[in-house]
Each structure stands twice: as C-alpha cells, then as structure tokens.
Amino acid sequence: MSTLPCVEIETTSQPSASVIWLHGLGADGNDFAGIVPDLQLPADLGVRFIFPHAPSMPISCNNGYVMPAWYDILHFDQISRQADVAGVKASVEMIRALISRENQRGIASERIILAGFSQGGAIAYTAGVLHPEKLAGIVALSTYLPAPELLQAGLANQATPIFAAHGSADPVVGVQLGEAARDQLQALGFSISWQTWPMQHSVCMPEIQAIGQFITQCLR
C-alpha cells in the first residue's frame, strides 16, 4: 500500500519519536501543522510530526459533497453516528502503513503517538486501540468511537495511555459521544486521561499545552 501524502515537521535533525496527527472532516494535513510550537515540547525531545492528508470522497450526510474524509458518514445527530465501517477499516490500514513507514525509518511502534481531531480522532482511537503493538500514546480530541463493534475482538494494546479531551459546548460532536467512548474504552481496560473545556468544536491553548505535556510524558 502506498502511503498517504503528508506534511512533515521535525523538531530535531534526528528524531527519535513520531506523532501522526489526523485532521477532521473537510480539512487537510495543514490544519494542525501550526500547532507544533504551541505544544512547548522540551528542546531535546526529537519528534517527527506527520500530518497526513485524507483522501477525498463523497459524504452522504453532506448531500454527497466531495471533501477530504477518513470515512463516509451516512447521517449524524447529537447522540449517534452512522459511519461507513468499511471506510473506517480502510483508513485504519492507511494509518498502519504510516506506522510501518516510521518503523522502517527507525522509529519503534512504542515511540509513536497517534493523535486526531473529530473524524481524525475517531480514526486515531480505532487505529490506536486495534494496533497489534503497544504505541506510545493516543490523543483523541472532540471525537468518538465510529465503529464500536470493531473493538469487540481481542485487544492487546491496553497498555497504551490515552489523552481524550472535548469541548463541553460542542454542537458538532456532542460531549456525550466523547464520554461514551471514554466509558467503553475504560471498560475494556484502557487508561484514559479525560478533560473538558468550555468551548465548542475546537481546540484551545490550555488543551494544546496539556497535549504537549502528555506527549512529553509518553516519550520520556
């Protein structure tokens, strides 16, 4: 499988860890590229940030409009999503290909963090918890589990720590969806740090700084 096109930012000339960060529906890899300095990572923590561009596809809930997306959404409301499970699986394989490329570049899986916002966070969640090897961490922002049935198979990655955060006034992905994902993963044995901020479907500077602290803790 050929890997997705990506924006890459390295904090040192010889990174020893990688963060693969997935954008939300309709955005692209540039959406979060500017966040790297705001994470305030230690100068000696060499990290390669990878911001892949999702493929473009028609989105059913947006009247078939073609946009960058990790999977089709048939419909959505505040308490449920009907995601294209085959599309979720395909995106998980795309992320596994990126992880494999980092392995080939000398970065072990346990030095790789998956991060994502909204639909990208849904794939970060799914790819992260289903990965056959321990990862350094998972960052899931303003998101949910798009296909919980995929998590019923045997999971071997409960040792991977998860940072999950949500806006308490999110009108796009209701905070109850984030709470449901948190509760399900905790029931499966995952350790989750859960935080909310008084915001809508967005990120805020205190959240970004908390993510930076989480990344530092995972990679130290």
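Numbers here simply count residues along the sequence, with the first being 1.
Between Asn62 and Met67, the shortest heavy-atom contact is ND2-CE, 3.3 Å. Between Pro161 and Leu135, the shortest heavy-atom distance links the atoms CD-O, 4.5 Å. The two atoms that bring Ser142 and Gly167 nearest to each other are OG-N, 4.2 Å, heavy atoms only. Nearest heavy atom pair, residue Gln200 against residue Pro171, reads CB-CD, 3.7 Å. Between Val19 and Ala115, the shortest heavy-atom distance links the atoms CG1-CB, 4.4 Å. Residues Pro42 and Arg220 share a closest heavy-atom pair of CB-NH2, 3.2 Å.
When hydrophobic clusters are built by joining Ile, Leu, Val, Met, Phe, Trp and Tyr residues whose side-chain heavy atoms come closer than 4.5 Å, directly or via intermediates, Met94 is grouped together with Val85. Criterion: ILVMFWY side-chain heavy atoms under 4.5 Å apart, direct or through other members. Under it, Ile211 and Ile50 are not part of a common hydrophobic cluster. Residues Phe117 and Val139 fall within the same hydrophobic cluster, defined by Ile, Leu, Val, Met, Phe, Trp and Tyr side chains chained together at heavy-atom separations under 4.5 Å. Both Ile113 and Trp21 are assigned to one and the same hydrophobic cluster, defined by single-linkage of ILVMFWY side chains at heavy-atom distances under 4.5 Å. Tracing side-chain contacts under 4.5 Å through hydrophobic residues (I, L, V, M, F, W, Y), one never reaches Leu22 starting from Leu39; they form parts of separate clusters.
Here the options are Leu219, Thr12, Thr11, the test is side-chain contact (heavy atoms from CB on, under 4.5 Å), and the partner is Leu45; only Leu219 passes.
Distance check: Ser118 OG to His23 NE2 gives 11.0 Å after rounding to the nearest 0.5 Å. With rounding to the nearest 0.5 angstrom, the CG atom of Asp183 is 11.0 Å from the CG atom of Leu188. Here the CD1 atom belonging to Ile138 is positioned 11.5 Å from the CD1 atom belonging to Ile20, to the nearest 0.5 angstrom. Note that the CD atom of Glu133 and the CD1 atom of Ile99 stand 8.5 Å from one another [nearest 0.5 Å]. Once rounded to the nearest 0.5 Å, the distance linking OG1 of Thr160 with CD1 of Ile192 reads 11.5 Å. For the atom pair His53 NE2 and Leu4 CG, the distance stands at 9.5 Å (nearest 0.5 Å).
Residues His166 and Val173 meet the side-chain proximity criterion, which asks for heavy atoms closer than 4.5 Å. Counting heavy atoms from C-beta on, the side chains of Leu185 and Leu151 come closer than 4.5 Å. Between Glu207 and Gln195, every side-chain heavy-atom pair lies at or beyond the 4.5 Å cut-off. Using a 4.5 Å heavy-atom threshold, the side chains of Ile35 and Phe49 count as separate. Using a 4.5 Å cut-off on side-chain heavy atoms (C-beta onward), Ser193 and Phe214 make no contact. Within the 4.5 Å cutoff, the side chain of Lys89 has no heavy atoms near those of the Val92 side chain. Between Ile162 and Tyr125, the closest side-chain pair of non-hydrogen atoms falls below 4.5 Å. Side-chain contact between Arg111 and Pro15: absent, with no pair of heavy atoms (C-beta onward) separated by less than 4.5 Å.
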Discussion item. Test side-chain contact (heavy atoms from CB on, under 4.5 Å) on Arg96 and Leu130; report intermediate values, then the result.
Written reply: CA-CA 10 Å; Arg96 285 191 175 179; Leu130 292 178; 4.0 Å; yes
Discussion item. Under the criterion side-chain contact (heavy atoms from CB on, under 4.5 Å), I'd like the reasoning laid out for Phe51 against Ile9: C-alpha separation, chi angles, the key distance, then a yes or no.
Written reply: CA-CA 9 Å; Phe51 301 96; Ile9 299 172; 4.1 Å; yes
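For Thr143 (side chain) and Gln119 (main-chain N/O), no donor-acceptor pair under 3.5 Å exists by modelled atom type. Using modelled atom types, one side-chain atom of Thr126 and one backbone atom of Ala122 make a donor-acceptor pair closer than 3.5 Å. Using modelled atom types, one side-chain atom of Asn103 and one backbone atom of Ile107 make a donor-acceptor pair closer than 3.5 Å. In this structure a side-chain-to-backbone donor-acceptor pair under 3.5 Å is missing from Asp72 to Asp84. A donor-acceptor pair under 3.5 Å is absent between the side-chain atoms of Asn63 and the main chain of Tyr65, judged by distance alone.
Under 4.0 Å is where a charged nitrogen must lie from a carboxylate oxygen, and between Glu8 and Arg105 at least one such pair does. A salt bridge between Glu179 and Arg182 is absent, with no side-chain N of the basic residue lying under 4.0 Å from a carboxylate O of the acidic one.
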